[in-house]
Amino acid sequence: MEYNFKDIEQRWQKYWKEHNTYKVEIDESRPKYYVLDMFPYPSGAGLHVGHPLGYIASDIYSRYKRLCGYNVLHPMGYDAYGLPAEQYAIQTGQHPEITTVRNINRYHDQLDKIGFCYDWDREIRTCDPKYYKWTQWAFIKMFNSYYDNDLQRACPIEKLVEKFASNGTDGVNAACSEQLSFTADEWNVKSDNDKENVLMNYRIAYLGNTMVNWCPKLGTVLANDEVSEGVSVRGGYPVEQKMMRQWCLRVSAYSQRLLDGLDSVDWTESLKETQRNWIGRSEGAEMKFKVAGTDIVLDIFTTRADTIFGVTFMVLAPESEYVSLLVTDDRRADVEKYLDEVKHKTERERLIEKQVSGVFSGSYAINPVTGKEIPVYISDYVLAGYGTGAIMAVPAHDSRDYAFARHFDLPIIPLIEGADVSEESFDAKEGKMINSSNENLQLDGLDVKEAIAKTKEYIKQAGIGRVKVNYRLRDAIFSRQRYWGEPFPVYYDEHNMPHVLDEEELPLELPEVDKFLPTETGEPPLGRAKNWVAKNGRPLELCTMPGFAGSSAYYLRYMDPHNDNALVSKQADEYWRNVDLYVGGTEHATGHLIYSRFWNKFLYDLGYVCEPEPFKKLVNQGMIQGRSNFVYRIKDTNTFVSYNLRKEYDVTPIHVDVNIVNNDVLDLDKFKAWRPEYANAEFILENGKYVCGYAIEKMSKSMYNVVNPDDIVERYGADTLRLYEMFLGPIEQSKPWDTNGIDGVHRFLKRLWSLFFKGDELQLTDTEPSAEAMKSLHKLIKKVTFDIEHFSYNTSVSAFMICVNELNAIKCTSKSVYKDLVVLLAPFAPHISEELWHVLGEEGSVCDAKWPEYDEKYLVESSVKYAVSFNGKTRFSIEVPAGMSKEDVEKAALSDAAAEKWIAGKTPKKIIVVPNKIVNIVI
RNA sequence: GCGCAUGUGGCGUAAUUGGUAGCCGCGCCAGACUUAGGAUCUGGUUCCGUAAGGAGUGGGGGUUCGAGUCCCUUCAUGCGCACCA
């Protein structure tokens, strides 16, 4: 009988659907296991072969866990809000929902063809009001919370109000945008409006004036992770810094917990490191510098407190609020001119120019340790967003300060013994201190690290500053001036103060608009909506939430997707808890994976979820790149020359559709039919074939290298696609899509199939399996079990091939062996396994079978081969009965006829016997 | 510049975790069958050498009886962060 994969796969996919094979319910009698894929954004191009790589891996794991007796939650859904649908809508006027739904349906079809075991009853879409109700709900909770630094958790904002009413800011240690200080009396006489303004400084979701990444081309602000090297990640448009009033999430309050939590999760070290970098903890000191002749005090942050004796000037960021306070009248014109220049430079230009620029403010500050007066400059090499936006400059030991000092001819005082600062600064934190002692503080002779500690101690005692930890992690900017996103559950009162809606009013549904562009007055698209007002008639927020809003808690919703009363019920949350295995790409390292952890921790603080970390184990699948093919046209002709002969001609390489190339050999007829201009093409062949060149490039339409899974499924079947994607190499590795090996995998399935049949008859019998067959099977069970647990799927596929070859070679026909083999294969190739399961006469779905366990007794060798080496060089091998003592193995090795030549009459100095491996004889 | 990975045949990769390097697959070579095919099956395939033998896991050095694996150093590639004070 032929292996008819088309028939088999269609039949079983239908069966699974009809029998709800993959439906999952809470079952307290069984242990749970939660396997999650990062849900896709349904783009118009459909799924390509890169997408399923991670999905297949997680599907195999889900099926394996189910066979092992776990109650496995394995859902799928769509991250449906996004820029491409919106931009398509702007161009065509078509509502983004229409394109989104169309794309989702396409994705769904494509996914089903690959045979995933998703429980589709739990599907979620972030653009569904029933879903985003809970995104809005979480926002309201964040608005109504503040972060208590002493308790290290989020608390209701009412608690803070109580504290203010009784003690003012005294004793309040809360995360805030700006350090405030007032008494209870001062608080109590404030107007409601003023109180609201104060509270906004503490809310976890707050409206704040912050420096934002503004992308004029996209017409929206972007979060830090959506900007890279001064341009937008999507589209690559320039991004500028702009002060705007925007909704923000106080993610920075969670910096330390986000950092600490990394130690408790099973993620790759590199991903954790990426997050640590992004959070960017640095320990240092905040120091106060008085401005001479004024009451103004400048706070600066430094990690090099030890270099205080080498501070020869100070620098403020151009955006610093102190700039206007410090500028003296005679310097005002110059400073304003400089500020104006800086303002018109985008961040990108600043980065590219890397030219030293700056201006003297006219003011002098007093070094709190030496008492010396030093000039205060303004320069854009100091960032407004980090630390306090002001620095103490130590040109001898900081390369940026050095460049600045050289440019403005400022003094450079070396502080470390032997450091040559005539050409460049000495930035390393090592060496002995010099020039660093006075009556207040003596650092000379100390090591840099000791000096840092001593200076910090002094700063505290002398009251000139404090020890401080700084984080690079910024609050997340949460407003987007777009249409296709979650509306904020926020309205504005007559004083333009924001208020959140009541939870009962959720979901606040996205309104219809006539166009998806900003209004003529520059308001976001929601400004076009009619009656965009709250129940009380007040105007609603016009911005929508960013893409990461909907993806931050979606894993919780899958646990209880139809619940209208809660994001997730207590029961569901306590049963499913968190994601045991999360599979997805590294590109979300500093976006989604930070925001989700933050969101989860926030809900954890409020008691809505029971686990502090959302994703226990995370596996990063690599990207699948495109493998483009080229043909070589001889210039000014319609003749194409084969790859290895192209050097003899003057040729132009042309991308050719990879779908008409097989194993780098061009299908000439299909090529002629591909484009009218090639209809009369002529070819110069090598060995009768036209061989194409290739290159590894991004998978894209323009390079004709996009391979979509449907084509592979059509040609080889889903099981071959699944096995082949796994066979390609380790799952976490990026690799080009290359069909060169797919035939081998397909051949394996055909060979397996043919083992079952002789002609059209089942050739398997109920006979007892031979010892050899049992050994082959149990080797496989052991290997595959180990491999799945370690996500080493490529070696599993190899193991299956070896086993099938062995069973074929020994002509094993025992049903019991094949039954176990089919169960082992089921996670990898579910369709053929279901079919063979029934061919073997079993009932029900193979999904409900039991994972076989291996028995060591079949794996014991009767005889063992030892390699015998002399002084580490292998010379011959011996075969001895298994279980021999070391001494007997030694004897056997020495008495072997081949040994004499190497021993040559000498007495061995030492003999090392490695069990089942090697006998090494040292002469 | 800092940090993290990775480097093995013509190609994708494997190596029981310090124990005979190259499993499995692709490709290639030879053969069988054949209705001549992009089907199937069998055997071979790291390199040099007719062979005996020798070399060999990016390069150099080290530890060890023994190193793809551990240590030092260097080169190359990929990724992350980057005027972060």
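Just so it is clear, the values below take in all heavy atoms, side chains as well, and ignore hydrogens, waters and symmetry mates. Order of the sequence lines fixes the chain letters, A, B, ..., with proteins taken first and strands second; residue numbering starts at 1 for each chain.
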S.K.: Would you say U40(B) has OP1 or OP2 under 4.0 Å from some side-chain N or O of Arg747(A)?
M.R.: yes

S.K.: Please state the C1' separation for the pair C72(B) and C24(B) - nearest whole angstrom.
M.R.: 36 Å

S.K.: Which listed nucleotide (G38(B), G25(B), A85(B)) is nearest to the side chain of Arg715(A)?
M.R.: G38(B)

S.K.: Indicate whether the side chain of Gln256(A) and that of Tyr471(A) have a donor and an acceptor atom separated by less than 3.5 Å.
M.R.: yes

S.K.: Using Watson-Crick or G-U wobble geometry with both distances under 3.5 Å, which nucleotide pairs with A5(B)?
M.R.: U77(B)

S.K.: Would you call Arg276(A)-Glu269(A) a salt bridge at under 4.0 Å N-O?
M.R.: yes

S.K.: Once you apply the 3.5 Å cut-off to both distances, tell me the Watson-Crick or G-U wobble partner of C24(B), or none.
M.R.: G12(B)

S.K.: Please list each protein N or O that sits under 3.5 Å from an N or O in nucleotides 16-19 of chain B, with the distance.
M.R.:
from   : atom 1 : to        : atom 2 : distance (Å)
U16(B) : N3     : Lys917(A) : NZ     : 2.1
U16(B) : O4     : Lys917(A) : NZ     : 2.0

S.K.: Apply side-chain hydrogen bond (donor to acceptor under 3.5 Å, both in side chains) to the pair Thr586(A) and Asn620(A), showing each step before the final yes or no.
M.R.: CA-CA 6 Å; Thr586(A) 15; Asn620(A) 288 119; 4.9 Å; no

S.K.: By nearest heavy atom, map Lys670(A) and Ile921(A) onto RNA chain B; which one lands nearer the 5' end?
M.R.: Lys670(A)

S.K.: For C84(B), give the paired nucleotide (Watson-Crick: N1-N3 plus N6-O4 or O6-N4; G-U: N1-O2 and O6-N3; both under 3.5 Å), or none.
M.R.: none

S.K.: Considering only the C1' atoms, how many Å lie between U16(B) and G22(B), rounded to the nearest integer?
M.R.: 15 Å

S.K.: Does a salt bridge link Glu430(A) with Lys449(A), judged by any charged N lying under 4.0 Å from a carboxylate O?
M.R.: no

S.K.: Given that both distances must come in under 3.5 Å, which nucleotide forms a Watson-Crick or G-U wobble pair with U57(B)?
M.R.: none

S.K.: Salt-bridge test for Asp711(A) and Arg715(A): reply yes if a basic N is under 4.0 Å from a carboxylate O, no otherwise.
M.R.: no

S.K.: Do any N or O atoms of the protein come closer than 3.5 Å to N or O atoms of nucleotides 10-12 of chain B, and which pairs are they?
M.R.:
from   : atom 1 : to        : atom 2 : distance (Å)
G12(B) : O2'    : Leu728(A) : O      : 2.6

S.K.: Measuring to OP1 and OP2 of C79(B), would you say a side-chain N or O of Asn277(A) lies under 4.0 angstrom away?
M.R.: no

S.K.: Mind calculating the distance between CG (Asp427(A)) and P (G1(B)) to the nearest angstrom?
M.R.: 13 Å

S.K.: Counting only side-chain N and O atoms of Arg751(A), is one of them less than 4.0 Å from OP1 or OP2 of C41(B)?
M.R.: yes

S.K.: In terms of the nearest nucleotide of RNA chain B, which residue is placed more toward the 5' end: Val922(A) or Arg474(A)?
M.R.: Val922(A)

S.K.: Which one is paired to C65(B), where only Watson-Crick or G-U wobble pairs with both distances under 3.5 angstrom count?
M.R.: G19(B)

S.K.: Applying the Watson-Crick and G-U wobble criteria at under 3.5 Å, what pairs with A32(B)? Answer none if nothing qualifies.
M.R.: U40(B)

S.K.: Nearest to the side chain of Leu383(A) - A14(B), C4(B), A85(B)?
M.R.: A85(B)

S.K.: Is the closest basic N to carboxylate O distance between Arg400(A) and Asp427(A) below 4.0 Å?
M.R.: no

S.K.: Quick one: is Arg400(A) getting a side-chain N or O under 4.0 Å of the G1(B) phosphate, OP1 or OP2?
M.R.: no

S.K.: Might you confirm whether atom CE of Met884(A) has over 12 heavy atoms from other residues, nucleotides or ligands at distances under 6.0 Å?
M.R.: yes

S.K.: What interatomic distance, in whole Å, is found between C1' of A30(B) and the corresponding atom of A14(B)?
M.R.: 27 Å

S.K.: Quick one: do the Tyr716(A) and Thr739(A) side chains pair a donor with an acceptor below 3.5 Å?
M.R.: no

S.K.: Do Ser252(A) and Asp475(A) have side-chain atoms, one donor and one acceptor, less than 3.5 Å apart?
M.R.: yes

S.K.: Quick one: is Tyr866(A) getting a side-chain N or O under 4.0 Å of the U20(B) phosphate, OP1 or OP2?
M.R.: no

S.K.: What distance, rounded to whole Å, do you find between the two P atoms, one in G56(B) and one in G3(B)?
M.R.: 33 Å

S.K.: Between G37(B) and C79(B), how far apart are the C1' atoms? Round to whole Å, please.
M.R.: 46 Å

S.K.: For Ser357(A) and Tyr338(A), test the side chains for any donor-to-acceptor distance below 3.5 angstrom and give the result as yes or no.
M.R.: yes

